[in-house]
Colleague: 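Please find one structure pasted underneath; my questions will follow.
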Amino acid sequence: MGTVEGDQLRDLGRARLLTRQPRGGLSEPELRLFDDPGDLEAGIHPTRLRPGHVALGIAVLLAAAVASLLVGPADLPPGAVLAQVASRIPLLDVHSHLSATDVAVIWQLRMPRIVLGALVGAMLALAGASYQGVFHNPLADPYLLGVASGAGLGATIAIILLPQLLSWPVSPLPLSAFAGAILAVAATFALGRSGQKLRNASSLILSGVAVGAFFTAAQTFLQQRSTPVLQEVYSWILGSLSTAGWSDVELILPYVAVASVVLVSCRGLLDALSVGDDEAKSVGVRADRVRLIVVIAATLGTAAAVAVSGLIGFVGIIVPHTIRLLVGPSYRRILPLALLFGAGFLVLADLVARSVLSPGEIPIGVVTAFLGAPFFLVVLRQSRRFA
Amino acid sequence: MRRAVLSTICLVATLLASASGAAGATGATTGRHRPAGGAFPVTVRSAAGSVRIPARPTRILSLSASATEMLYAIGAGSQVVGVDKYSTWPPDAPRTSFTGYESSAEGYLPLHPDLVVLAFDEHHLVAQLRALHVPTLLLPPVSTIRAAEEQVTELGAATGHRVGAVSTDSRINDDLSSAVASARGRGRGATYYVEIDPTYYSATSRTFVGALFSRFGMRDIADAAAKASSGYPQLSAEYVLSANPDYVFLADTICCGVSAKSFAARPGFSNLAAVRLGHVIAVNDSVAQEWGPHSLEGFVTVLADVLDGRKPPAAR
Amino acid sequence: MLEIDNLVVELGTQAVLEGVSATIERGSWVGLVGPNGAGKTTLLRAVAGLIDYRGEICIDGCPAPRRRPRAMARLVAFVPQRPLLPSAMTVSDYVLLGRSAHHHVLASETRRDRRIVAAVLERLELKPFARKPVGELSGGEAQRAVLARSLAQEAPLLVMDEPTTSLDLGHGQLVLELADSLRREHGLTVLAALHDLTLASQYAERLLVLSGGRVALDGPAADVLDQASIERVFGASVEVLAGRDGLVVAPVRPRRSAAGQAGSRSATPIASLR
């Protein structure tokens with residue numbers, strides 16, 4: 001602690017005295033405590049996203065994608081597969097000598113599945129991390145506010161009421177699931193608003209639980225009345241990335257892209273929320289508005305992902321937590337890395353799911369749990385040791 | 001760092017854009033039904049829309065037990081290279097380990113099928129096979145005998161065995177008629193309960209097995225309970241007791257180990273007319289799951305024997 | 001620079017503040033004192049724009065932009081009584097939060113922001129802790145971090161709610177000295193709620209005494225703090241002495257009423273304790 005004189009000596013800036021006249025709207029800070037702080041910047045190290053981490057995430061994703069591309073029951077020679085992919089790059093002049101069917105395997109089956117897995121994995125991990133930031137709840141996952149039950153009900157309704165799904169030009173199943181998910185979250189919001197604003201994060205969570213339970217009950221009721229579709233509904237619920245052609249990818253790409261951009265942009269604001277709504281407001285961050293925007297974006301993206309891939313669990317909670325244990329609690333790091341590693345993780349999980357018991361398959365939700373849980377435990381133990 | 005991320009995104013976007021250019025339309029083209037017997041190409045109707053079959057298929061993969069029965073019945077057995085693991089008839093059909101519930105149609109490619117028949121479209125298999133330019137017929141479970149006959153007809157057109165299909169269809173009808181005749185009207189007006197699951201799931205007369213019962217003039221106790229469009233309502237023990245059916249058919253012997261004895265041992269069930277008269281018959285589960293000609297013939301024979309008081313052959 | 005005119009705050013149906021008016025000059029230190037439940041925290045939160053109120057609050061011009069938190073954050077820096085410290089966040093990041101209202105909403109901090117944070121950390125002797133998680137700081141260090149975050153806002157009005165509550169005397173003095181020296185160097189205006197009347201009289205030029213949601217007394221410490229007023233407002237029995245830098249308010253045990261003892265002193269009834 002210094003004396004007044006010592007403080008004056010240490011102060012490197014000149015204070016700018018304020019005028020006596022009151023001013024109206026301000027655009028400049030009124031008080032310049034440190035007009036010319038000079039070169040003091042060294043030594044404070046605000047938390048930033050490290051390029052090394054990003055590069056690692058991209059590398060993992062690419063490795064998983066390439067491995068996924070090369071592995072499959074059709075037994076295509078790896079060199080030919082890579083040549084086929086290379087032949088699509090505009091300026092290269094490479095030809096693979098694969099049959100039309102094999103080319104279709106690569107571009108109509110494997111590629112869209114990989115891209116879909118990357119999009120869904122990225123979205124689920126990003127949404128889960130965002131919810132954890134907004135609700136300060138380590139158990140928050142992307143299905144928190146009823147997305148899962150809403151989508152399940154929508155899917156069940158489509159399967160039951162629209163039996164000739166395949167003869168439709170555009171399958172109504174993902175649209176119905178999407179609509180159901182949005183409806184459920186809207187209901188959660190409507191019920192969770194206590195009076196005027198969304199003051200209480202926990203009231204939202206509770207209303208999400210209630211809405212989720214209701215929609216699940218409705219879904220179960222419909223299913224039981226129509227038992228032949230039970231199998232179909234349950235296999236949808238278990239989650240699957242199987243897809244044919246690019247229609248599913250095209251369907252969800254806009255939602256996932258927009259949601260991702262919005263959420264990653266808000267990552268600094270999520271850090272500000274960790275001091276609570278009041279203190280955040282006192283430094284100029286509107287917690288309720290941030291919460292609203294984050295929930296809307298995350299819900300749209302999650303609903304789209306769930307609509308085409310069913311309910312794939314674990315990605316949205318384990319990937320963010322693992323990243324947090326490895327790089328720290330700042331969302332400026334967690335959100336972008338969740339996007340990348342979520343994508344890589346799910347593509348990898350899908351590869352394991354369809355190749356370990358080939359030609360049979362393990363449901364992808366099982367694989368994400370099998371892969372995710374032990375890895376998370378290892379990371380948890382490691383970080384405890386250094387804590 | 002931001003620039004690195006941006007350029008990565010651009011690269012991925014470029015790859016994606018060029019890839020989706022490869023997503024050409026592979027939907028089936030519709031043509032006219034060629035009336036000439038066995039001529040190809042032919043357009044066939046299935047639950048997945050119209051399918052164009054360019055040439056007589058010689059490598060058929062059947063992923064439906066009922067479709068397998070139909071294929072062999074119409075004489076296309078020599079064209080079949082693979083059947084799913086649940087196809088039990090004929091016993092010497094080339095069984096594979098496929099279930100029809102695979103998530104990727106790639107797995108079927110090593111067999112080089114030129115026609116695939118499915119009963120369910122799990123994991124977008126029909127769309128996947130279309131993307132691989134493999135003609136695929138979706139023949140889902142039927143609820144009437146006529147619909148089963150139509151499926152036989154479509155398979156006949158698709159495999160170049162129209163004549164065989166016609167004769168199979170008429171044989172189905174003959175079998176039915178002769179079975180009904182041999183029951184000598186004993187079934188008319190008799191009530192029955194067919195159990196699909198020990199928790200009292202049953203089948204109404206609006207299902208395939210129910211349609212068979214209806215040919216004998218029998219009445220299903222589950223009909224009154226099914227207000228839903230689903231043909232498989234869940235009844236209750238009380239309901240079964242109060243309806244007191246004349247005949248009970250247990251189709252949950254294999255999945256759930258139910259036997260005539262264990263049925264009679266249920267509380268209060270020893271008073272059922274069917275139990276006292278020995279009219280509780282255990283049959284193979286497939287009776288309620290399959291609609292092919294072989295299982296149809298098998299079941300109506302059993303039914304005729306039961307109604308006529310003859311001892312039915314042991315459940316297979 | 002701060003004008004409060006007829007402030008009324010209601011929580012539910014109960015009025016917590018009624019008709020509070022005060023004017024605070026730029027560069028002065030006004031201490032807010034009063035018994036528990038008098039409404040000190042509520043008043044400070046209203047000034048900081050964190051709760052709804054009726055009446056007028058003008059901060060450097062009227063009206064205060066209370067609907068725009070970013071504008072408010074550049075005018076008023078609020079140091080809460082019980083700050084929520086995110087235990088895993090580093091001190092640098094925590095103090096950087098104070099700059100949220102200065103850079104674009106979605107953008108990350110600018111170079112100037114980082115320099116300000118560095119300067120503040122240096123000034124509050126927190127530089128060695130810059131990369132340490134906030135949860136590992138001692139009580140005094142944490143309080144300095146909270147003060148650092150508020151100073152990083154560069155707001156001309158500093159509002160503090162009992163900043164010395166969880167600190168020992170030494171650390172409490174440190175924080176108050178720091179605020180005072182900044183006030184005198186940079187013209188900062190300070191409005192601080194203090195429970196210790198001695199400290200209040202040493203640092204504040206003027207005291208606002210709140211009681212039951214209203215202003216009971218308003219004026220320099222020497223005028224406001226006397227034995228009778230303190231007994232009336234606080235229900236406490238004290239002796240007011242003259243100290244080196246202000247008054248010393250020393251608690252004394254209430255004299256029990258003896259037979260025949262006339263006078264104002266009597267045993268404090270339990271019921272009047274709040």
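Not measured: the values here are computed from a predicted model. Just so it is clear: chains get the letters A, B, ... in the order the sequence lines come, proteins before strands, and each one is counted from 1.
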Colleague: Chain B heavy atoms under 4.5 Å from A:Asp350: which part of the residue, side chain, backbone, both or neither?
Modeller: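 No part of A:Asp350 comes within 4.5 Å of chain B.
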Colleague: Using heavy-atom distances under 4.5 Å, tell me whether A:Ser240 contacts chain B through its side chain, its backbone, both, or neither.
Modeller: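 Contact with chain B: side chain only.
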Colleague: Regarding A:Arg113 and B:Ser103, do their side chains bring together a donor and an acceptor under 3.5 Å, going by distance alone?
Modeller: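 Note: A:Arg113 and B:Ser103 side chains meet the donor-acceptor criterion.
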Colleague: Looking at CD of B:Glu106 and OG1 of A:Thr101, how far apart are the two atoms once the value is rounded to the nearest 0.5 Å?
Modeller: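 These two atoms lie 11.5 Å from each other.
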Colleague: For A:Leu70, enumerate each residue passing the side-chain contact (heavy atoms from CB on, under 4.5 Å) test, keeping only those at least two apart in sequence or located in another chain.
Modeller: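 Residues passing side-chain contact (heavy atoms from CB on, under 4.5 Å) with A:Leu70: A:Val66, A:Pro78, A:Val81, A:Leu82.
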Colleague: Quick check on B:Tyr101 against chain A: is it the side chain, the backbone, both or neither that has a heavy atom closer than 4.5 Å?
Modeller: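 Just its side chain gets close to chain A.
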Colleague: Any idea which of A:Leu109, A:Leu340, A:Ile106 has the most non-hydrogen atom pairs under 4.5 angstrom with chain B?
Modeller: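 Going by pairs under 4.5 Å, I would pick A:Leu109.
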Colleague: List the atom of B:His124, the atom of A:Ser242, and the distance in Å for their closest heavy-atom pair.
Modeller: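 In terms of heavy atoms, the two residues are closest at CD2-O, 3.1 Å.
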Colleague: Identify the two heavy atoms, one from A:Pro73 and one from B:Gly107, that lie closest to each other, and give their separation to 0.1 Å.
Modeller: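 Closest approach of A:Pro73 to B:Gly107, heavy atoms only: CB-CA, 3.4 Å.
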Colleague: What do you reckon, is OH of B:Tyr201 surrounded by more than 12 foreign heavy atoms closer than 6.0 Å?
Modeller: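 More than 12 within 6.0 Å, yes.
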Colleague: With a 3.5 Å distance limit and no angle check, can you tell me whether B:Gln128 reaches the backbone of A:Ala244 through a side-chain donor-acceptor pair?
Modeller: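 Not confirmed, B:Gln128 side chain does not pair with A:Ala244 backbone.
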